[in-house]
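Contents: one structure, followed by commentary.
Numbering of ligands and ligand atoms starts at 1, following listing order.
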Amino acid sequence: MRLLLVEDDEMLCAQLAADLGRAGYAVDTARDGVEGEFLGRETAYDAVILDLGLPGLPGLEVLGRWRGAGNPVPVIVLTARDAWHERVAGFKAGADDYLGKPFHVEELLARVGALLRRRGGQAGPVVAAGGIRLDEDRQEAILPDGAVVPLTGTEFRLLRVFMLHPDRILSKTRLTEHVYDQDFDRDSNVIEVYVRRLRDKIGQERILTRKGQGYVFPGAGG
Ligand code: CA
């Protein structure tokens, strides 16, 4: 899943990007409102974490422009602690959730995870599809027979994308975007290698090849 983090505090931005990366997200960062607004407009992110106090263009204005253009991306706004009026203004501008600074990164991860599950049509507290459950903290897959399968970081990122988009054709390009950060040298052929490894771990029939189009994760039995 690909996230955009718009935060002008350099240390906080670097720290959060590292934490989100460890949690298995591909993360793009922007340090001012103008760049953030541009990235959010040009790229289809799964969610955005948006600081409200930004140089260039205030966060509320960034959000207002996206919503005005019909961009439905889920947005968590970062607000000053106890600034209830900022939270209200954020929701009115189209935010889906907020977090007051300072916060624990665990709370941010929990909120991001919840937003992505809801958006993926998941009712429960864990990602589940195709009879498989995903333990996001331990980055493990739990198969229908209860077998626990440890995943590498890339395998986990890939499987989470599949499970949050069941029964949909996902192209190699699209999958690459979800797995790697902006600076990575993207080679979509690498996806084939990781899909093969995932199949070896969770079952060949769980990821279908659509020739010339990409891959499908059948969601029945989820
Ligand atoms: Ca700020």
Side-chain angles (χ1 to χ4, degrees), residues 1-120 136-137 139 153 156-157 160-161 164 176-186:
M1 308 303 281
R2 191 168 194 85
L3 308 180
L4 172 62
L5 169 63
V6 189
E7 167 60 65
D8 60 310
D9 182 322
E10 188 173 351
M11 268 180 58
L12 181 61
C13 187
Q15 180 63 49
L16 290 179
D19 289 332
L20 290 163
R22 266 192 295 280
Y25 298 105
V27 185
D28 294 345
T29 57
R31 302 271 307 287
D32 65 71
V34 175
E35 187 190 6
E37 193 279 330
F38 172 78
L39 286 175
R41 172 158 39 91
E42 295 296 317
T43 310
Y45 291 101
D46 296 290
V48 177
I49 299 151
L50 177 67
D51 185 30
L52 289 188
L54 290 171
L57 198 63
L60 281 179
E61 177 68 25
V62 172
L63 183 53
R65 290 192 189 182
W66 289 340
R67 294 308 189 225
N71 183 346
V73 64
V75 174
I76 300 175
V77 293
L78 305 181
T79 68
R81 190 173 173 76
D82 297 330
W84 66 268
H85 53 281
E86 274 196 7
R87 303 200 288 271
V88 172
F91 282 117
K92 283 186 173 169
D96 299 274
D97 199 359
Y98 76 92
L99 206 48
K101 290 180 177 179
F103 52 83
H104 291 283
V105 70
E106 288 79 7
E107 182 172 2
L108 177 65
L109 293 174
R111 288 178 183 276
V112 169
L115 263 187
L116 294 176
R117 286 196 305 276
R118 293 303 166 269
R119 199 176 182 227
E136 295 184 83
D137 293 330
Q139 305 202 343
F156 169 74
R157 288 174 178 219
R160 181 164 56 188
V161 175
L164 286 172
T176 306
E177 287 168 1
H178 281 291
V179 172
Y180 297 118
D181 299 336
Q182 57 198 355
D183 297 332
F184 200 88
D185 177 25
R186 293 179 195 173

Is it the case that the side chain of D46 and the backbone of R2 share a donor-acceptor pair, with hydrogens and angles ignored and the cut-off at 3.5 Å? yes

Is there an N/O/S atom in D9 that lies less than 3.0 Å from the Ca ion (ligand 1)? no

Looking at E10, I want to see if its CD is surrounded by more than 12 non-hydrogen atoms of other residues, nucleotides or ligands under 6.0 Å. no

Would you say that L5 contacts C13 through its side chain, given a criterion of any heavy-atom pair below 4.5 Å between the two side chains? yes

For the Ca ion (ligand 1), does an N/O/S atom of L78 lie at less than 3.0 Å? no

I'd like to know whether OH of Y98 has more than 12 heavy-atom contacts from other residues, nucleotides or ligands below 6.0 angstrom. no

Between the Ca ion (ligand 1) and D51, which N, O or S atom of the residue is the nearest one? OD2

Name of whichever N/O/S atom of D8 is nearest to the Ca ion (ligand 1): OD1

